Amino acid sequence: MHVISCLDYAEMSRKTARIIAALVQLKPHCVLGLATGSTPVGTYKELIRYHLEEDLDFSNVTTVNLDEYYGLGPEHEQSYRCFMQRNLFDHINIPPENTHVPDGLTRDVARTCAEYDNLVASLGGTDIQLVGIGDNGHIAFNEPNTVFVANTHLVDLDEDTIKANARFFASEGDVPRQAITMGMRSIFSAKLILLLASGPNKASAIARMIKGPIDPQLPASILQLHPNVVVIAVKEALALV
Ligand code: F6R
């Protein structure tokens, strides 16, 4: 794993956006794997700036998001589809049909999950996969578990995750208890994985991801097996490395 230490959130966002912008420029038909949460918002702001001020063209780009809350539709303001529209898609020239987020309202979970993995495979995997990391070491919503799960699947969210994400909802009770998440196979289809982290609350998970044993109790540790992972993190998130 290659680690880039940044002084602050703005530097992390600029450095990440620069790598993504370079890919979009060099490979206009690229496939971007995207994440939600607080961490990538600054990166998305920078990408919007590249589009508005430097003509970065997203018209041939395809995106696949990591996850979606189960039970929230695209109109719900805390759904990840809505997040992506608000924070990126509505501000760049990506065709809506090129953007993919798992369907949180599906009545056929097994089929939706299988189709999502087929979609990623049919695209040839992602060129860059952006991932954040939970305080508990989750990537996407692959929560600490006794096994690593390969396929896209429905997952029960950890109490830690529900508490951490309650800040986006009126109350903790409003946070969905389940989500549809990419599994490790589609995440590993990426040619390059950019893992972003900001905040001292991520320091322990980052240290265990980089230095610890590969253990499904710390799901991000499986990234040690991917040949091309770059960790771009603010220095306090690297404090224990
Ligand atoms: C989001 C996702 C999650 C977040 C993680 C960190 O699509 O898959 O794994 O990346 O929970 O969230 P933030 O960035 O809010 O700290």
Side-chain angles (χ1 to χ4, degrees), residues 8-10 12-13 16-17 32-48 63-92 94 96 99-109 112-113 116 129-145 149 152-183 187 195-206 218-220 233-234 236-237:
D8 56 22
Y9 181 84
M12 178 191 77
S13 303
T16 308
L32 299 179
L34 299 178
T36 61
S38 308
T39 313
V41 171
T43 300
Y44 296 152
K45 281 205 176 92
E46 275 293 300
L47 288 175
I48 293 166
T63 65
V64 284
N65 262 78
L66 286 170
D67 40 22
E68 178 60 283
Y69 286 120
Y70 187 54
L72 299 194
E75 310 302 331
H76 192 289
E77 62 170 13
Q78 291 310 331
S79 72
Y80 284 168
R81 162 55 75 179
C82 194
F83 173 102
M84 289 309 302
Q85 294 300 139
R86 194 167 61 236
N87 287 291
L88 183 63
F89 300 152
D90 286 347
H91 310 284
I92 59 175
I94 191 164
T99 69
H100 305 280
V101 180
D103 175 8
L105 293 181
T106 180
R107 286 160 185 264
D108 190 342
V109 171
T112 297
C113 292
Y116 208 69
Q129 176 68 61
L130 208 55
V131 296
I133 184 168
D135 299 3
N136 64 359
H138 72 210
I139 49 171
F141 276 137
N142 292 273
E143 299 284 29
N145 197 341
V149 181
T152 294
H153 58 287
L154 183 68
V155 65
D156 292 335
L157 296 177
D158 251 30
E159 275 308 311
D160 290 346
T161 301
I162 291 166
K163 279 197 176 58
N165 289 3
R167 68 191 194 278
F168 299 114
F169 292 82
S171 77
E172 200 175 304
D174 292 331
V175 184
R177 268 36 191 174
Q178 291 183 302
I180 293 180
T181 182
M182 255 189 210
I187 294 173
L195 185 138
L196 308 190
S198 155
N201 51 315
K202 303 292 171 76
S204 161
I206 291 281
L218 199 289
V234 182
E236 67 261 15

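Keep in mind that what you see is a predicted model, and the values were worked out from it rather than measured.
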Sorted by chain and residue number, the side chain to side chain contact (heavy atoms under 4.5 Å, CB included) partners of T39 (sequence neighbours excluded) come out as M12, L196, K202
(message) Quick one, T63 and F89 - any side-chain contact, counting heavy atoms below 4.5 Å?
(response) yes
Residue set satisfying side chain to side chain contact (heavy atoms under 4.5 Å, CB included) with H91, at least two apart, ordered chain then number -> I48
When rounded to the nearest 0.5 Å, the distance separating CD of Q178 from NE2 of H153 is 11.0 Å
inquiry  = Strictly distance-based, threshold 3.5 Å: is any side-chain N or O of S79 a donor or acceptor partner for the main-chain N or O of G73?
reply    = yes
S204 meets the side-chain hydrogen bond (donor to acceptor under 3.5 Å, both in side chains) criterion, sequence neighbours left out, with none
Taken to the nearest 0.5 Å, the spacing of T99 OG1 from I94 CD1 works out to 6.0 Å
- Message: If only side-chain N and O atoms count, and only distance matters, is there a donor-acceptor pair under 3.5 Å linking N136 with D158?
- Response: yes
field: N142 side chain near V155 side chain, heavy-atom distance below 4.5 Å
entry: no
d(R177 CZ, I162 CD1) to nearest 0.5 Å is 4.0 Å
For N65, the side-chain hydrogen bond (donor to acceptor under 3.5 Å, both in side chains) test, sequence neighbours excluded, returns none
**Asked** Would you call P144 and P219 a side-chain contact if the rule is heavy atoms closer than 4.5 Å?
**Response** yes
Quiz item: Do P176 and L72 touch side chain to side chain, with heavy atoms closer than 4.5 Å?
Solution: yes
* Counting distance only, does the side-chain N/O of R81 pair as donor-acceptor with the main-chain N or O of E68 below 3.5 Å? -> no
Sorted by chain and number, sequence neighbours left out, ring-ring contact (aromatic ring centres under 6.0 Å, His included) with F169 holds for Y69
Closest non-hydrogen atoms of Y9 and S198, given as atom of the first, atom of the second and distance, are CD1-OG, 3.7 Å
For A205 and G134, the nearest pair of non-hydrogen atoms, with its separation, is CB-O, 3.7 Å
Side-chain touch L47/I92, heavy atoms, less than 4.5 angstrom = no
| query | Hey, mind stepping through E143 and D160 against side-chain contact (heavy atoms from CB on, under 4.5 Å) and telling me if it holds? | reply | CA-CA 10 Å; E143 299 284 29; D160 290 346; over 6 Å; no
Residue set satisfying side-chain hydrogen bond (donor to acceptor under 3.5 Å, both in side chains) with T106, at least two apart, ordered chain then number -> T112
Only residue of D67, L157, L154 satisfying side-chain contact (heavy atoms from CB on, under 4.5 Å) with T181 is D67
side-chain hydrogen bond (donor to acceptor under 3.5 Å, both in side chains) filter on N145, not counting sequence neighbours, yields none
Exercise for the section: Flag the pair I206 / L195 as yes when at least one side-chain heavy-atom distance between them is below 4.5 Å, and no otherwise. Expected result: yes
- Query: Checking R107 side chain against L105 main chain: does a donor-acceptor pair fall under 3.5 Å?
  - Reply: no
Closest non-hydrogen contact found for N165 with Y80 is ND2-OH, 3.7 Å
Sorted by chain and number, sequence neighbours left out, side chain to side chain contact (heavy atoms under 4.5 Å, CB included) with D8 holds for A10, E11
For P200, the side chain to side chain contact (heavy atoms under 4.5 Å, CB included) test, sequence neighbours excluded, returns E236
Value for CD (E46) from OG1 (T16), rounded to nearest 0.5 Å, stands at 9.5 Å
Nearest heavy-atom contact between C82 and P74 is CB-O, 3.5 Å
Is the closest side-chain heavy-atom distance between M84 and L34 below 4.5 Å?
yes
Of all heavy-atom pairs linking G132 and A35, the shortest is N-CB, 4.3 Å
ask   = Given the rule in the side-chain contact (heavy atoms from CB on, under 4.5 Å) test, do L130 and L32 qualify, once you have shown the distances and angles that lead to the verdict?
value = CA-CA 8 Å; L130 208 55; L32 299 179; over 6 Å; no
If only atom types and distance count, is the side chain of Y116 paired as donor or acceptor with the main-chain N or O of H100 below 3.5 Å? yes
On a heavy-atom basis, the closest approach of F141 and A179 is CD1-CB, 3.4 Å
